[in-house]
Amino acid sequence: MTTVLKPLIIGGLTLDFPVVLAALAGYSDLPYRTICRSCGAPFATTEVMIDRFLLHESKLRRHILKSDADDHPVGGQFMGSDPDLMVQAARVLRDLGFDVIDLNFACPVKKVVSRKRGGFMMTQPAAVLEIVRRVREAVPDRPLMLKLRKSFVLDDPDCAAFWEIAHGAFASGVDALCVHARAVEQQYMGKADWNFLTSVKKAFPERTIIGSGDVQNPAEALRMIAETGVDGAAAARGAIGNPWFFKQTRELAAGRPALLPTLDEQRELLLRHYELCLRQYGERKGVMTMRHLGISYARVHPHPKRVRMAFVAVKTMEDWTGVLEIHYREPGPVSVA
Ligand SMILES: Cc1cc2nc3c(=O)[nH]c(=O)nc-3n(C[C@H](O)[C@H](O)[C@H](O)COP(=O)(O)O)c2cc1C
């Protein structure tokens, strides 16, 4: 069955397909964004950065913010609690050519929350709205979106802080909300509350709402949009190690089966990803990055356990390409003597 999907609109941007690559720390760097775009992702975002790290040159900043002419449209994401720093950080991203400014008030990592950033801000709606207002004023020429959680504590039937932030944010000119339908307290555990997404879309029928949480596979991405009415879905853990997610979702939406990539296709894409990582990180970090990514790519291999173990044992570039030679060759025709 064909699913009719609307383009996803984020301010002045119109994306031809409403399933995007989520911001993913440790994954959504330039190499992976490039790979996901080649598989049909219409939009991707950097991993979250801390506002003040955006203001000073460093190797980490260089790696996270690295982009190129083909890496568009791209969102740049950061978090913090000081409006002055947040404004400066937003200007840095704008000046570097990021197409969307994305403020993260959702990160549940303990070290982040204890320093009053990310998800902690779901307890501070007035402070969030002050940041939003200031950033909107400072960077009027870029779409602005927020990443929010439904609440801070799990047991929060009203989610009053969410609603205060959402209403205030749209009133201040925010272009889209990406709503992770879990509480901060849940981190990444438990089921995402898709009913909450339904109520958000009902409350803001004319606004862009992107849903996040439990988009585990292409069918779930389409189901989230169909059942909750959100305008788009963000593929997060479902797209780690499976950049074909986007192609598969497009196929499913067109009423065709979502085929698994062949071993040849997997090998070719892994090699391309490897080259991009070497170019970005150099040999030492490149190999370690690809070891880590190889482990996640193993999930789509017909023998995931065996291939995961092979990537875990990788120490050198030769080891890594050796895994490809051994495990990513289509079995040839069997010759009968
Ligand atoms: C490894 C990992 C890193 C993440 N990094 C970020 C991040 O940098 N910024 C962000 O907004 N969300 C981040 N998230 C949250 C995801 O974007 C997404 O909201 C969440 O995983 C829920 O979707 P899922 O249940 O489909 O995985 C991260 C999630 C994971 C698992």
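Bear in mind that the values here come from a model prediction, so they are computed numbers and not experimental data. Numbering of ligands and ligand atoms starts at 1, following listing order.
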Is the CG atom of Asp155 crowded by more than 12 outside heavy atoms at less than 6.0 Å?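 12 or below, so no.
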Heavy atom of the protein closest to [atom] (residue, atom name, distance):
atom                    : result
atom 21 (O) of ligand 1 : Ala236 CB, 3.5 Å
atom 9 (N) of ligand 1  : Gln77 OE1, 2.8 Å
atom 30 (C) of ligand 1 : Leu24 CD2, 3.7 Å
atom 28 (C) of ligand 1 : Tyr188 OH, 3.4 Å
atom 31 (C) of ligand 1 : Arg237 CG, 3.5 Å
atom 18 (C) of ligand 1 : Ser212 OG, 3.3 Å
atom 24 (P) of ligand 1 : Asp214 N, 3.5 Å
atom 13 (C) of ligand 1 : Ala23 O, 3.0 Å

Rounded to the nearest 0.5 Å, how far does CD1 of Ile35 lie from CH2 of Trp244?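 These two atoms lie 8.5 Å from each other.
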Can an N or O of Val215 be found at a distance shorter than 3.5 Å from an N or O of ligand 1?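 Yes; the residue has a nitrogen or oxygen that sits under 3.5 Å from a nitrogen or oxygen of the ligand.
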Please indicate whether any nitrogen or oxygen in Val48 is less than 3.5 Å from any nitrogen or oxygen in ligand 1.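 Val48 vs ligand 1: N/O contact under 3.5 Å present.
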Is [X] touching ligand 1 with its side chain, its backbone, both, or neither, if touching means heavy atoms under 4.0 Å apart?
X      : result
Lys147 : side chain
Asn104 : side chain
Gln216 : neither

Listed partners of Phe170 passing ring-ring contact (aromatic ring centres under 6.0 Å, His included), at least two apart: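 Once residues adjacent in sequence are excluded, the partners of Phe170 under the ring-ring contact (aromatic ring centres under 6.0 Å, His included) criterion are Phe204.
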With a 4.0 Å cut-off on heavy atoms, is Gly213 in contact with ligand 1?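 Yes, Gly213 has heavy atoms under 4.0 Å from ligand 1.
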Answer yes or no: is there a side-chain heavy-atom contact under 4.5 Å between Trp163 and Val200?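 A side-chain contact exists here, since the closest heavy-atom pair is under 4.5 Å.
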For a 4.5 angstrom cut-off between non-hydrogen side-chain atoms, does Asn104 reach Phe78?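 Not touching, per the 4.5 Å side-chain cut-off.
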Assign the ring pair Trp320 / Tyr274 to parallel, tilted or perpendicular, where the plane angle (0 to 90°) is split at 30° and 60°.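 Judged by the thresholds at 30° and 60°, the geometry between Trp320 and Tyr274 is parallel.
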List for me each residue that meets side chain to side chain contact (heavy atoms under 4.5 Å, CB included) alongside His63, sequence neighbours excluded, and say none if there are none.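 Once residues adjacent in sequence are excluded, the partners of His63 under the side chain to side chain contact (heavy atoms under 4.5 Å, CB included) criterion are Lys59, Gln280, Tyr281, Lys285.
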Quick one: which of Ser28, Gly75, Ala25 has a heavy atom closest to atom 5 (N) of ligand 1?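 Answer by nearest heavy atom: Ala25.
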Any idea which atoms of ligand 1 are less than 4.0 Å away from a heavy-atom of [X]?
X      : answer
Glu47  : 8 (O)
Arg182 : 22 (C), 25 (O)
Ala22  : 17 (O)

Apply the test salt bridge (Lys or Arg N to Asp or Glu O under 4.0 Å) to residues Asp16 and Arg250: give CA-CA distance (whole Å), side-chain angles for both, the deciding distance (0.1 Å), then the verdict. CA-CA 11 Å; Asp16 77 317; Arg250 284 177 186 264; 2.9 Å; yes
Classify the side-chain pair [X]/[Y] by whether it contains a donor and acceptor separated by less than 3.5 Å.
X      : Y      : result
Tyr297 : His273 : yes
Asp319 : Thr316 : yes
Ser38  : Arg272 : yes

